[in-house]
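We count ligands from 1, going down the list as the structure has it; atoms in each ligand are counted the same way. Quick caveat, the model's predicted, so the values are computed rather than measured.
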Amino acid sequence: MPYFLDLVKKLENKSNEERKNIIIKILKNKKIKYKLEDYSYFGTKGVNIIVEFGKGNKYSIASAHYDVVLGSPGANDDASAISVLFKLIENLRKIKLKNKIKIIFFGDEEIGRFGSLSYIKKHSLRDLIGVYHMELVGMGDSIGLWPVTKFNENSYIIENIEKVLEKENIYWEIIGNLPAFYGDDLSFREHRFKHAICISVTYKKDKEKIKRFVKSSIPSLIFKYHLGLVPKMFKLYHSKNDKSIYLNENAMGMTADVLTESLINLDKKF
Ligand SMILES: [Zn+2]
């Protein structure tokens with residue numbers, strides 16, 4: 001059974017609560033220590049699931065969100081990224097780190113990033129080295145790093161992952177602000193922390209289509225969406241068709257390799 005797709009299928013079509021419990025059960029079965037951080041945000045109660053490796057005050061974050069849009073099976077968004085976090089956990093178990101790496105499964109991203117915003121409320125960002133958040137990493141052959149803007153374009157977090165992509169000979173694109181799209185990485189940049197970025201995977205052949213699509217204004221995005229004039233990754237996104245049958249094992253394998261190597265390299269620099 002393929003490692004990543006097997007995990008995605010376990011989470012597919014499950015509610016937020018069920019997904020949370022499945023993640024906890026897998027961590028328990030693998031005998032991985034974790035912390036549950038409860039939060040209450042505008043009356044919504046939730047929990048972030050956190051696994052830590054290494055020691056000291058300084059730390060990096062690798063994250064995904066475990067909640068889903070109601071009515072969507074949530075395979076690519078964001079079960080694909082959860083499966084990558086599990087592989088990362090297995091990889092980091094064997095490695096001696098200089099600093100800490102926190103693997104965070106955030107709750108309530110889709111309704112307004114409540115999990116990541118609550119995390120920031122509780123923890124100082126002073127010791128934070130950088131954040132790699134993942135959205136939609138289950139389909140494609142190349143990597144998109146976004147959003148890269150004036151604010152964060154000179155961040156070491158970007159240079160660090162680009163070095164790995166270059167070395168591994170993986171095609172990637174730097175993408176600017178996307179209208180109406182965001183991930184938990186935005187919560188950190190909103191708090192003036194610029195070393196936070198999102199990783200997504202897509203097909204290289206779709207890149208021009210995607211570039212045109214993400215440059216559209218919000219009304220025209222909605223219009224295109226209803227006419228079906230959207231690249232595959234966005235067509236499935238937040239819909240009832242966000243299913244594991246459209247995902248490929250290699251996309252998640254590639255992401256896990258890149259993420260592991262990037263985090264280990266980053267750890268060495270601090
Ligand atoms: Zn998402």
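- Per residue Glu135, closest N, O or S atom to the Zn ion (ligand 1): atom name OE1.
- In this structure, a donor-acceptor pair under 3.5 Å is absent between the side chains of Asp108 and His65.
- Residue contact annotation: Asp77 places an N/O/S atom under 2.8 Å from the Zn ion (ligand 1).
- For the atom pair CD1 (Ile197) and OH (Tyr132), the distance works out to 8.0 Å, reported to the nearest 0.5 Å.
- Classified by interplanar angle (parallel below 30°, tilted 30° to 60°, perpendicular above 60°), the ring pair His123/Tyr119 is parallel.
- The closest side-chain heavy-atom distance from Asn29 to Ile26 is not below 4.5 Å.
- Residue contact annotation: Asp78 places no N/O/S atom under 2.8 Å from the Zn ion (ligand 1).
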